[in-house]
Amino acid sequence: MSNPFMARAIELAIENVRSGKGGPFGAVIVKDGEIIAEGMNNVTSTNDPTAHAEVMAIRGACAKLGTFQLDGCELYTSCEPCPMCLGAIYWARPDRVYYAGTAADASRVGFDDSFIYKEIPLAPAERKIQMIHIMGDRAQEAFRAWEQQPNKIPY
């Protein structure tokens, strides 16, 4: 089954590799049948480990729409989202996500994020990158400030 939005996401991924700007990942966000944002993997070209295609597309769509949530939008991505992108997707709340390649496909060419999935359920002290809990009592001040803020915007 062919889909023009997925075709564009895959085209972006191929263009990105051929241009030397980053990895083989592209994403588009669609609202009301129109592409409102596109993203490509820019990790190496920008020295930004968060510059994945899905994150770049989410940033662009939110800026264009003037909102931090993507209600009524669909995300098309050339590959199954990594854990970071999956988190960003859930925070942005598009209606649905379509993906082409799988995590196994990405792993086969050197993009293996399975180790992150294995780390997530571990207690912070058991993770490979040291996670050290300090000043927890003091951190509560920020949470109390949030609770007491009368004009907060929940998300």
Side-chain angles (χ1 to χ4, degrees), residues 1-134 139 142 146 153-155:
M1 171 180 160
S2 182
N3 178 288
F5 304 126
M6 185 59 78
R8 178 62 183 153
I10 294 168
E11 182 180 303
L12 289 168
I14 295 167
E15 287 175 17
N16 204 45
V17 171
R18 290 188 176 149
S19 72
K21 292 182 180 176
F25 306 100
V28 299
I29 295 182
V30 174
K31 184 171 178 106
D32 299 326
E34 178 183 330
I35 293 175
I36 60 167
E38 297 181 339
M40 293 182 279
N41 179 285
N42 292 322
V43 170
T44 57
S45 62
T46 62
N47 294 318
D48 179 354
T50 69
H52 288 202
E54 297 92 335
V55 171
M56 301 304 291
I58 288 169
R59 289 174 182 166
C62 288
K64 182 170 184 170
L65 296 174
T67 182
F68 55 86
Q69 292 189 338
L70 298 176
D71 300 323
C73 294
E74 299 175 331
L75 188 149
Y76 292 79
T77 179
S78 64
C79 188
E80 183 177 356
C82 76
M84 178 184 68
C85 292
L86 190 60
I89 288 164
Y90 272 90
W91 282 114
R93 295 179 177 91
D95 290 354
R96 65 192 52 81
V97 175
Y98 298 92
Y99 64 94
T102 66
D105 297 330
S107 177
R108 185 179 50 76
V109 296
F111 295 93
D112 186 4
D113 53 19
S114 63
F115 73 97
I116 299 172
Y117 283 108
K118 291 175 185 169
E119 290 282 298
I120 291 170
L122 297 177
E126 296 173 5
R127 294 180 182 151
K128 295 208 184 324
I129 295 177
Q130 275 192 318
M131 305 273 166
I132 304 162
H133 182 217
I134 62 172
W146 174 256
I153 301 171
Y155 60 96

Search all heavy atoms of [X] against all heavy atoms of [Y] and return the closest pair with its distance.
X: Ala106; Y: Cys79; answer: CB-SG, 3.8 Å
X: Ala100; Y: Ser78; answer: CB-O, 3.4 Å
X: Leu122; Y: Lys118; answer: CG-O, 3.6 Å
X: Asp105; Y: Gly101; answer: OD2-CA, 3.5 Å
X: Leu12; Y: Gly26; answer: CB-CA, 4.1 Å

Can you find a heavy atom in the side chain of Val43 that is under 4.5 Å from one in the side chain of Asp48?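 They are not in side-chain contact.
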Do side-chain atoms of [X] reach the backbone of [Y] as a donor and acceptor pair under 3.5 angstrom?
X: Asn41; Y: His52; answer: no
X: Asn16; Y: Gly23; answer: yes
X: Ser19; Y: Glu15; answer: yes
X: Ser45; Y: Lys21; answer: yes

Could you list the donor-acceptor pairs under 3.5 angstrom formed between side-chain atoms of residues 83-93 and any protein atom two or more places apart in sequence or on another chain?
from: Arg93; atom 1: NH1; to: Trp91; atom 2: O; distance (Å): 3.3

Indicate whether any N or O donor in one side chain lies under 3.5 Å from an N or O acceptor in the other, for Thr102 and Glu80. no
Before giving the answer on side-chain contact (heavy atoms from CB on, under 4.5 Å), spell out for Tyr98 and Phe5 the whole-Å C-alpha distance, their side-chain angles and the decisive distance to 0.1 Å. CA-CA 9 Å; Tyr98 298 92; Phe5 304 126; over 6 Å; no
Determine whether more than 12 heavy atoms belonging to other residues, nucleotides or ligands lie under 6.0 Å from atom CD1 of Ile134. no
Tell me whether Glu119 is salt-bridged to Arg127, with the criterion being a basic N under 4.0 Å from an acidic carboxylate O. no
Just distance, no hydrogens or angles: give the donor-acceptor pairs under 3.5 Å from side chains in residues 27-38, sequence neighbours left out.
from: Lys31; atom 1: NZ; to: Asp71; atom 2: O; distance (Å): 3.0
from: Glu38; atom 1: OE1; to: Arg8; atom 2: NH2; distance (Å): 3.0
from: Glu38; atom 1: OE2; to: Arg8; atom 2: NE; distance (Å): 2.8
from: Glu38; atom 1: OE2; to: Arg8; atom 2: NH2; distance (Å): 3.4

Assert yes or no for the condition that the ring centre distance of Tyr76 to Tyr99 is strictly below 6.0 Å. no
Rounded at 0.5 Å granularity, tell me how far CG in Leu70 sits from SG in Cys62. 4.0 Å
Return the CD to CE distance between Glu11 and Met40, rounded to the nearest 0.5 Å. 10.0 Å
